[in-house]
Amino acid sequence: TRIAALLTNVQPLTAAGTHDYFNIPHDASLSLTQNFTIECWVKPSPTNGTTSYQTFVSKSSLYMNQWSYWLGLNKTNSKVRFVPNGVFADGLESSGALTTGQWTHIAARYQVSGNTRTATLFINGLPAGSKTFAANAGPNTLPILIGRTDLPAMPGTGYGYSGSIDEVRIWNTARSDNEIANNYRLELDGPTAGLVGSWHFDGDVFDASGTGNDGDHTL
């Protein structure tokens, strides 16, 4: 049992509940293009949401084709997809698929060392695929959206997510394998080195990292 956020993003776009997401305003601390990690717990629903891709965490825009970073679900094969390099079609997908209706922890790490840029996905603390990239994504001033890729004012599917989500964390460091495995079950409160955003969704969208990146829930 856990307190979490439940999003539906009912389709089509004209339906009630289509614009179901959290909005975290842009801040320089969240504009990350190298050496960062994104974590979240998710429980995808078998119904509703976009049929192609569904968004967990996004500092991107499908409508404007800007992809600083995007983490979500390929709904056609139930695999996690991570886009850290600015090109959605060139994203990394997990080696294993998620189970609908089951809580799973996801971590996505992007690490840059010299000219080597490597993205790695983790499922329940264990590595689940990696890929190297030729370039980093560019920064943008878009908000972070949790559960959706585009704001309602922008046309298109919005890659809306249907399911539960909890414990979203964003780090400005490339967390090690051991750090991810040893801490993914923990709830972190207050300032922690490298943690720039942490949302528990315990009835609010307050940032528990201490950096002040509070958000809003929009229906």
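Numbers for residues simply follow the sequence, beginning at 1. None of the values given here were measured: they were computed from a predicted structure.
Expressed to the nearest 0.5 Å, how far CG of Leu98 lies from OG1 of Thr104 amounts to 5.0 Å. Rounded to the nearest 0.5 angstrom, Ser130 OG and Arg109 CZ are separated by 8.5 Å. In this structure, CG in Asp207 is found 9.0 Å from CD1 in Ile170, a value given to the nearest 0.5 Å. Separation of atoms OH (Tyr161) and CG (Leu6) is listed at 8.5 Å; rounding is to 0.5 Å. Summarising the geometry, atom CD1 belonging to Ile146 is positioned 4.5 Å from atom CD1 belonging to Ile24; distances are rounded to the nearest 0.5 Å. Atom CG of residue Leu195 and atom CH2 of residue Trp171 lie 4.5 Å apart, to the nearest 0.5 angstrom.
Here the closest heavy-atom approach between residue Trp70 and residue Ser60 is recorded as CB-OG, 3.9 Å. A pairwise comparison of heavy atoms in Pro46 and Lys75 identifies CA-NZ, 4.5 Å as the closest pair. Contact between Tyr63 and Asp150 at its shortest, heavy atoms only, is N-OD2, 2.9 Å. Minimum interatomic distance between Pro44 and Gln102 (heavy atoms only, all atoms of both residues): CD-O, 4.1 Å. Taking each heavy atom of Ser31 and Asn140 in turn, the nearest pair found is OG-O, 3.6 Å. Among all heavy-atom pairs drawn from Asp177 and Phe122, the shortest one is OD1-CZ, 3.6 Å.
The salt bridge (Lys or Arg N to Asp or Glu O under 4.0 Å) check on Glu93 picks up Arg81, with sequence neighbours excluded.
In this structure, Thr37 contributes its side chain and Thr173 its backbone to a donor-acceptor pair below 3.5 Å.
Under a cutoff of 6.0 Å and an axis angle of 45°, Arg2 and Trp41 form a cation-pi pair.
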*Do Tyr159 and Phe88 pass the ring pair (Phe, Tyr, Trp, His ring centres under 6.0 Å) test, and can you show the C-alpha distance, the side-chain angles, and the key distance before you say yes or no?*
CA-CA 12 Å; Tyr159 287 169; Phe88 191 87; 5.5 Å; yes

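With no hydrogens or angles considered, a side-chain donor-acceptor pair links Asp189 and His200 at under 3.5 Å. Checked by atom type, the side-chain pair Trp199/Glu167 shows no donor-acceptor distance below 3.5 Å. Judged by distance alone, the side chains of Asn85 and Arg117 never bring a donor and an acceptor atom under 3.5 Å apart. For the residue pair Asn9 and Ser162, no side-chain donor N or O sits within less than 3.5 Å of a side-chain acceptor on the partner. At a cut-off of 3.5 Å, with distance as the only test, no side-chain donor of Asn136 or Thr33 sits close to an acceptor on the other residue. For the residue pair Thr118 and Thr132, no side-chain donor N or O sits within less than 3.5 Å of a side-chain acceptor on the partner. Side-chain atoms of Asn213 and Ser209 form no donor-acceptor pair, as typed in the model, at a separation below 3.5 Å.
The pair Asp166-Lys43 does not meet the salt-bridge criterion, since no charged nitrogen lies less than 4.0 angstrom from a carboxylate oxygen.
Ring geometry, Tyr110 versus Phe82: the interplanar angle exceeds 60°, so the pair is classed perpendicular (tilted spans 30 to 60°).
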